[in-house]
Structure formats: C-alpha cells, structure tokens
There are 2 protein chains.
Amino acid sequence: MSKGKETRETILRAALDFASKLGFESLSIGELAKRVGMSKSGLFGHFNSKEKLQMMVIDYAADNFTEHVFIPAISKERGIPRILAIVETWHRWSSRYFTGGCPLVAAAFEYDDRPGAVRDHLTEHQKTMLNSFEKAAQIAVDEGQFDKDLDCNAFAFEFLSLMLGYHLYSRLLQDDDAKFRHLEAVDSLIERSKAKDYKETSHQ
Amino acid sequence: MSKGKETRETILRAALDFASKLGFESLSIGELAKRVGMSKSGLFGHFNSKEKLQMMVIDYAADNFTEHVFIPAISKERGIPRILAIVETWHRWSSRYFTGGCPLVAAAFEYDDRPGAVRDHLTEHQKTMLNSFEKAAQIAVDEGQFDKDLDCNAFAFEFLSLMLGYHLYSRLLQDDDAKFRHLEAVDSLIERSKAKDYKETSHQ
DNA sequence: TATTTTTCAGCACGGTCGTTCCTCTATTAT
DNA sequence: ATAATAGAGGAACGACCGTGCTGAAAAATA
C-alpha cells in the first residue's frame with residue numbers, strides 16, 4: 001500500500017470514530033488533523049473538500065460494515081442462523097470499533113433531512129443494507145424456515161427498527177439490558193415469522 | 001404574556017423547526033436571528049449561552065410533545081385505543097409542525113454520545129417518555145386487554161423502536177409506505193401483546 | 001543513482017462562530 | 001405621567017472554520 005493510501009486510511013479511521021460520537025458534520029478538518037498528528041492543509045490535500053471527506057468516511061463505514069458484519073454472518077448456515085449472526089456481528093462491530101456505536105445509524109439520523117451529496121450517497125448505502133436484510137429473510141423463506149407468505153419488506157423494517165432501538169437504549173440511555181432487550185425482540189420477530197410446520201419440527 | 005416571553009416563544013419555535021431538519025448543534029445564533037428577523041445580540045440576550053438555548057429548545061420540544069401527542073391521546077379510552085392514539089397523534093405532530101420530522105427523535109440520536117448538560121437534560125425527557133409508554137401498556141394489562149404476564153418494558157422498547165424505524169423510512173428513505181409499514185408493525189405488536197381471552201372476545 | 005511525482009507543512013485569506021459591552025428605545029410598574 | 005426596567009441593535013473580540021498557494025521533503029520510478 002502506498003504512503004498516500006496508508007495515511008488516508010488512518011484519517012478515515014479516526015474520522016469515523018469521531019463521527020460515531022459527535023457526528024459527521026461536527027467533524028472539522030483542524031480537529032481531525034490534530035488527532036492524526038498532521039497539518040490541516042496536509043490532511044485537506046487528501047480530499048480537496050470537506051464534503052468529499054464526509055462521503056469517503058461514509059464509504060469507509062459501509063465497506064467496514066460489509067467486512068465486519070455482513071461477510072462473517074454469511075459464513076453461517078442459510079436462513080435463521082445467518083439472521084441471528086448479523087445481529088451478533090453488528091453488536092460486536094459497533095461496540096468494538098467505535099466509541100459512539102454504529103456510525104451508520106448515527107449518519108442515517110444526521111443526514112435524514114440535510115439535503116446534499118452526502119445524504120444521497122448515504123441513502124444508497126442504507127437501501128443496499130435493507131435489501132440485504134430483506135434477502136436474508138427471503139432465504140429463510142426459501143429454506144422453509146419462515147412462512148412462505150412472510151412480507152420480507154416488513155421483516156426488514158422491523159429488523160432495522162429494533163437495531164435503532166438498541167442503539168438508542170445502549171447509547172443515550174446507557175441501559176445495560178439493551179442488548180438483552182434487543183435479542184429478545186429479535187427472537188420474537190423471528191419466532192412469529194416462522195412457517196407453521198417448521199415451528200412444529202424445530203426444537204423449542 | 002410579556003413581550004419577552006412572546007419573542008422567546010417565536011425564537012424557540014423557529015429553532016425547533018430548524019433543528020428538526022439540520023440538527024441542534026448546527027443551529028447557530030446568527031442564522032436563527034436572521035430567520036426571526038432580529039439581531040444576533042438581541043437574540044442572544046434571551047438565553048445568555050448557546051447551551052442554554054439548546055436546552056430550552058429541548059424543553060420546548062418536550063412540552064410540545066406532551067401537549068400535541070400525549071394529552072390528546074389520553075382523552076381516548078384506556079388501553080389499546082389510547083396506545084393507537086399515541087401513534088396517530090405522534091405522526092400528525094411530527095409531520096404537521098416540523099419540516100424535519102420528530103425533533104425528539106433527531107435530538108436523541110444527535111446527543112446520544114455527546115457529553116454535556118444538553119445530553120443529560122434530554123436523557124431525562126426520553127426516560128419520562130418511555131415511562132409513559134410503559135404505563136400505557138400497563139393500563140392495557142390492567143384492563144384485561146393485554147396479557148397479564150406482558151413485559152411492559154419490552155413493549156415500550158419495541159414501541160419506540162418502531163417509531164424510530166418509521167422516522168428513518170419516511171425521512172431518509174422517503175418511503176411513501178413508511179406510515180403504513182409502521183401501523184402494520186404496531187398492530188402486530190399489539191396483537192401479540194393481547195391476553196388470550198381478550199383476543200377471543202375481541203372482534204377481528 | 002537521477003528524475004519525476006507524491007505527500008505534507010507553513011502561512012494567509014475571508015467568513016462565521018459564540019460572546020461581551022455599550023447604547024438607545026420600548027415596555028412595564030408606580 | 002414619571003421612573004424603573006426589560007428588550008433589542010451595533011460594533012467588536014478572539015477563535016476556529018474550510019480552502020487555496022508555495023515550497024521543501026519524501027517516495028516512487030527510471
């Protein structure tokens with residue numbers, strides 16, 4: 001990896017952690033430069049605009065999500081185990097790498113009404129993510145685990161909603177039971193999505 | 001109402017709408033002064049610090065929520081009708097008065113990891129709100145509508161989660177079906193919270 | 001090793017930020 | 001009606017913002 005790419009990675013990493021805490025808009029070039037130990041102009045040279053920096057941070061977050069949340073989960077068996085794995089890898093990723101919890105959740109609410117290129121960019125990522133959840137549910141349907149009449153779109157809506165709830169409970173409210181609550185709710189969601197005959201044959 | 005209180009109201013109203021769109025931290029004294037047509041220093045004099053302004057905006061939002069969401073819902077019959085009314089009044093309030101959707105949702109995610117007085121202040125409001133949802137569920141239990149073994153805390157978690165999902169779908173994703181999805185999910189939550197005998201006696 | 005390209009620091013710019021102080025006017029209370 | 005008070009504007013502050021320019025050091029290429 002060339003020197004340029006390396007420092008850019010360092011910057012993006014620091015920027016993402018910062019943004020997970022205080023938001024992407026609060027991210028300032030000067031503050032970020034201080035954190036990674038370089039000059040404002042030196043750092044700026046890598047991105048040529050703040051907006052471009054923000055978008056690259058978002059891209060970096062999305063790539064990171066794919067790498068640490070989605071890919072590991074896909075190695076699990078198709079259907080329910082894979083869906084449960086997503087919850088687990090997502091929890092782990094958010095808490096291990098970021099001081100402020102999942103940066104994609106933070107970004108989503110920060111840009112939900114702020115017009116511009118960053119928002120458009122982010123929206124695409126979110127749609128992709130939701131599509132993945134929907135597909136994961138569809139696979140469970142195909143495998144005969146979920147009811148064949150299940151509305152996978154509705155499943156994705158509830159699945160994401162619960163993650164948002166978890167984020168709020170664990171971050172803002174600092175609720176120690178947040179993870180437990182989340183897992184219970186996900187279990188409930190999965191249980192009521194199950195096909196009748198699968199429910200009968202499945203243990204517990 | 002004295003002159004001072006009146007202008008303060010005007011300011012808070014404008015500030016809240018602005019914050020629902022672009023966030024409470026992006027709210028600047030100068031920009032706000034421009035919006036309400038007065039001088040920076042004149043506006044500043046009402047609050048004496050930006051932090052105090054932010055907190056007063058949050059208080060204003062919470063009061064507004066109580067007035068437009070909670071109070072109207074309480075006039076409905078105890079139990080399920082009241083819970084459904086909260087969803088409806090919340091939808092109406094968010095979409096009618098704010099360009100950027102529910103400001104309390106926005107604030108929650110903006111301050112979830114930003115230490116300070118504003119965050120502490122907001123946390124209290126959120127806890128009060130969640131407590132109200134929990135109580136509303138408890139009433140449904142007492143009325144024999146919800147199962148007596150229902151975990152009202154878990155109910156509140158899911159209830160709020162779905163609202164967050166709705167916010168994200170309708171604001172960021174601009175999904176026209178967001179409201180429908182939300183209502184369906186709330187119906188599902190209520191349905192599975194019902195007491196067995198109430199389920200049998202209730203129509204549909 | 002010599003040359004070209006990339007990377008980064010230093011400095012300066014116009015703007016906006018929150019905030020203070022001072023003045024004047026409009027409102028309120030006596 | 002008059003005195004006390006509260007409300008609002010004007011100018012200025014130091015700090016920080018994003019952004020360009022220039023030149024030197026470092027890295028990549030030959």
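Sequence lines set the chain letters: A, B, ... in the order given, protein chains first and strands last, and positions in each chain run from 1. Quick caveat, the model's predicted, so the values are computed rather than measured. Any value given below was found using the heavy atoms of this structure, including those in side chains, with hydrogens, waters and symmetry copies removed.
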Checking the side chain of B/Arg119 only, and the main-chain atoms of B/Arg114 only, is there a donor and an acceptor separated by less than 3.5 Å? no

Would A/His167 and B/Phe109 count as a close aromatic pair, with their ring centres under 6.0 Å? yes

Separation of atom CG in B/Leu32 from atom C1' in D/dA8, rounded to whole Å: 15 Å

Here the pair of heavy atoms bringing A/Glu158 nearest to B/Ser188 is OE2-OG, 4.4 Å

For A/Tyr166 and A/His91, I'd like to know if the aromatic rings sit close, meaning centre-to-centre distance below 6.0 Å. yes

Judged by atom type as modelled, is there a donor-acceptor pair below 3.5 Å linking the side chain of B/Ser20 to the main-chain atoms of B/Pro103? no

To the nearest 10°, let me know how far the axis at one end of the helix from C/dT1-D/dA30 to C/dT30-D/dA1 is tilted from the axis at the other, five pairs an end. 30°

Going 5' to 3' along nucleotides 6-20 of chain C, which nucleotides have protein heavy atoms under 4.0 Å from the base (write B), which only from the sugar-phosphate (write S), and which from neither (write -)? -SSBBB-----BBBB

side-chain contact (heavy atoms from CB on, under 4.5 Å) between B/Phe157 and B/Asp151, worked out: CA-CA 10 Å; B/Phe157 173 82; B/Asp151 182 344; over 6 Å; no

Taking the ring of A/Phe155 and the ring of A/Phe133, is the distance between their centroids below 6.0 Å? no

Does the distance from a Lys or Arg side-chain N to an Asp or Glu carboxylate O, for A/Glu9 and A/Lys5, drop under 4.0 Å? no

